[in-house]
Amino acid sequence: MGRMSLAQSHNPAENTGAALELLDVLCTLLLGAEDELNGLDRAIGDGDHGGNLARASRSLSELRPELAELSMGEAVTRAGRAVVMSVGGASGPLYGTLLMEMGKALPDEPGPGDWAAAFAAGVDGVARRGRSAEGDKTMLDVLAPASRALSEEASADLHEALAAMRAAAEDGFETSRGLRAKRGRAAYVGERSVGHDDPGARSALLCVGAVADFLGENKG
Ligand SMILES: [Mg+2]
C-alpha cells in the first residue's frame, strides 16, 4: 500500500499510521519555519505565530503514540483538540478547529472525495470560529480557495487535484498580500498591513504545499 492510499486499508489504525507520516512532515516543516513565521507576525502582529505553531508541533509529536491507536477521524479530531489546548494566540484555536471539524467529517476509510469534503468542513469551522471570511487577510485566504479547488477536482486525477489545490493556495496567498487586515492584531495596524504577508496565510500555504507534495509523491 502506498502512502496516498492514506486510507485504503481495512484496518483503521493502519490507515492512521500512514497519515501520521504526513503529520511528521508537517511538524518538521513548522518547526523549521518558526523564525520566518515569527518575523512575519512581528511586522504586523505580536511575533508569536511561529512559536505557537512550533508548540503545536511538539505537542502533536508527543501525542503520536496515542494517535496511532485511533481511527483516522478520531485521530484528526484528537490532534485538533491537542492544538487548541496547547497553543495560545488565534492560531491554536483556528488550526485546532480546522482539524477537529475535519476529523468529525472523516469516515474510517476516507477516499479523496471524503478528504475534500472534510477539508471543506474544516474551513467552514475556521470561518465560524474566527468570525472571518476570505478577503480578511487571514489563513482563510489560502485555505478556502485550496479547499474549493480540491473539491472541484477530487473526482478527477489525484495529481491534478493536488496541483489545483496548491495553485489555488499560492494564488490566494499572493492576493492576500495586497489586502488590508481585518482580523486579529494585524487589523490594528490597518493600512500598514497592505503589502505584508499575513503569517497565518503563510503557514497555511506551507502546510497545503507540504500536503500536496506528500500525497503526490506517495500516490498508490
Ligand atoms: Mg500572533
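Model, not experiment: these values are computed from the prediction. Just so you know, ligand 1 is whichever comes first in the structure, and atom 1 is the first atom listed for that ligand.
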Practice task
Please answer whether the main-chain N or O of Ala121 pairs with a side-chain N or O of Lys104 as donor and acceptor at a distance below 3.5 Å.
Solution key: no

Handout entry: Check: Leu37 and Arg202 side chains under 4.5 Å, non-hydrogen atoms
Key = yes

Practice task
Give every protein N, O or S atom lying under 2.8 Å from the Mg ion (ligand 1), naming each by residue and atom.
Solution key: Asp41 OD2, Asp46 OD1, Asp48 OD1

Problem - Approximate separation, where rounding is to 0.5 Å, of Leu30 CG and Ser57 OG - result: 4.5 Å

Problem - Arg183 and Asp136 ion-paired at < 4.0 Å - result: yes

Handout entry: From CD (Glu152) to CD (Glu160), nearest 0.5 Å
Key = 13.0 Å

Practice task
Look only at the side chain of Ser193 and the backbone of Val189, and say whether a donor-acceptor pair between them is shorter than 3.5 Å.
Solution key: no

